[in-house]
Number of protein chains: 2
Amino acid sequence: MKIGELSKTTGCSIQTIRYYEKEGLLSTPERTEGNYRLYGERALKELEFIKHCRSLDIPLIDVKRLIELKNKPEESCASVNALIEQQLSLVNKRMRELKALKAELQQMVSSCTTENTVEACGIIKSLDS
Amino acid sequence: MKIGELSKTTGCSIQTIRYYEKEGLLSTPERTEGNYRLYGERALKELEFIKHCRSLDIPLIDVKRLIELKNKPEESCASVNALIEQQLSLVNKRMRELKALKAELQQMVSSCTTENTVEACGIIKSLDS
DNA sequence: ACTTGACTCTATAGTCACTATAGACTTTAT
DNA sequence: ATAAAGTCTATAGTGACTATAGAGTCAAGT
Ligand SMILES: [Zn+2]
Ligand SMILES: [Zn+2]
Ligand SMILES: [Zn+2]
Ligand SMILES: [Zn+2]
């Protein structure tokens, strides 16, 4: 499988696949005579793993750590758990922030009748204070 | 007031203030004989406006538009409203995404006893599928 | 008068996770 | 044989900053 097919199969762009390789997240692929990258089942699984992590907003540096841990199957999984719990607490933090943003934005929208001039607009007044 | 004082008063870093100026969000300040930036009440208000917008996660390009609209006080505020509503819908979208992330992360954490090896870890299994 | 230290100046590079080019090379289809 | 599609490397751009280098400015203390 060449890079284009891997890209279509996984939904990752070709540039992203090459970027993951450069960052050491994907193992170095074989090459054809013409220097094209060649992938197999293994690369597909590696890439799906990365995609799953990224869909959970786990930063690449942590994905890399997870891959390293995955390759030490006999060790304790405590650090896997710690990493995911940290990610969870980040998500919780961001949710609380967004909740506050939402409340303030909603109040702003409700203070604007759209029939005002900018000068009299409740939104601009809010932002100014 | 020199840039250091403005920075302390507003909580914006000195580099950020200079960055906002370069991006055209803050009006060009006067300079002392020694080429130091000099700010007054007006700059303080401009910067507070930007800070308030940024605390709502409004991107700088939209902050710039809001500033332009603010300087046309006689026009209709419809586009102000549109901009804030768009920001609100972005926040809502992100909240829905984070809710899904949170659910999956929580399920992962609950599938890990920390007493496992990496090989048997429920988190790694989730990420692998 | 001189030095120290705090402050400021510009210009440049780094962050993160990609995306988008440019210009060259390889392969496939007509 | 030629054209089109795919791939290669290297480089630059994104957003909103942060961090640094190296030079200049200014006030206080000796
Ligand atoms: Zn999932
Ligand atoms: Zn309004
Ligand atoms: Zn506010
Ligand atoms: Zn576990």
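Just so we're on the same page: letters track the sequence lines, and every chain starts at 1.
Across D:dT7, C:dA17, D:dC17, the shortest atom-to-atom separation from the side chain of B:L60 is found for D:dC17. When distances run from any side-chain atom of B:R37 to the nucleotides D:dT18, D:dT7, C:dT10, the shortest one goes to C:dT10. With distances taken from any side-chain atom of A:Q15 to the nucleotides C:dA20, D:dC8, C:dC9, the minimum falls on C:dA20. For B:S13, taking side-chain heavy atoms from C-beta onward, the closest of the listed nucleotides C:dA17, C:dT10, D:dT18 is D:dT18.
Distance, B:E21 CD to D:dA16 P: 18 Å, rounded to whole Å. Atom-to-atom, CE of B:M1 to P of C:dC7 comes out at 16 Å; the value is rounded to the nearest Å. The interatomic distance linking A:L26 (CG) with C:dC18 (P) rounds to 12 Å, in whole Å. The distance from atom CZ of B:R54 to atom C1' of D:dT18 is 14 Å, rounded to the nearest whole Å. One interatomic measurement links the two molecules: CD1 of A:I14 to P of D:dG6, which rounds to 9 Å at whole-angstrom precision. Rounded to whole Å, the distance from CD1 on A:I50 to P on C:dA17 is 12 Å. Atoms CD (B:E33) and C1' (C:dT8) sit 16 Å apart, rounded to a whole Å. Whole-Å rounding puts the B:K64 NZ to D:dC17 P distance at 14 Å.
Residues A:Y36 and A:Y19 are members of separate hydrophobic clusters, defined by side-chain heavy-atom contacts under 4.5 angstrom among Ile, Leu, Val, Met, Phe, Trp and Tyr.
A donor-acceptor contact under 3.5 angstrom links the side-chain atoms of A:Y36 to the base of C:dT26.
Close to C:dC18, at under 4.0 Å from its OP1 or OP2, lies no side-chain N or O of A:T16. Regarding contacts with the backbone of D:dG15, every side-chain N or O of B:Y19 stays at 4.0 angstrom or more from both OP1 and OP2. The side chain of A:T32 contributes no N or O atom lying less than 4.0 Å from OP1 or OP2 of C:dT26.
Both tests do not hold together for B:K2 against B:Y39: distance to the six-membered ring centre under 6.0 Å, angle to the ring axis within 45°.
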task = Please lay out, stage by stage, how B:E48 and B:T10 fare under the test side chain to side chain donor-acceptor pair (under 3.5 Å).
result = CA-CA 7 Å; B:E48 296 285 6; B:T10 60; over 6 Å; no

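At a threshold of 4.0 angstrom between heavy atoms, the contacts of A:R18 include nucleobase atoms, whether or not backbone atoms are also involved.
Of the two residues contacting DNA chain C, namely B:K22 and B:K8, the nearest-nucleotide position lying further toward the 5' end is that of B:K8. Both B:I61 and B:K2 lie close to DNA chain D; mapped to their nearest nucleotides by heavy-atom distance, the more 5′-ward contact belongs to B:I61.
Counting all heavy atoms, side chain and backbone alike, B:T32 lies closest to B:L38 at CG2-CG, 3.5 Å.
The local environment of CD in B:E30 is sparse, with at most 12 non-hydrogen atoms from other residues, nucleotides or ligands closer than 6.0 Å.
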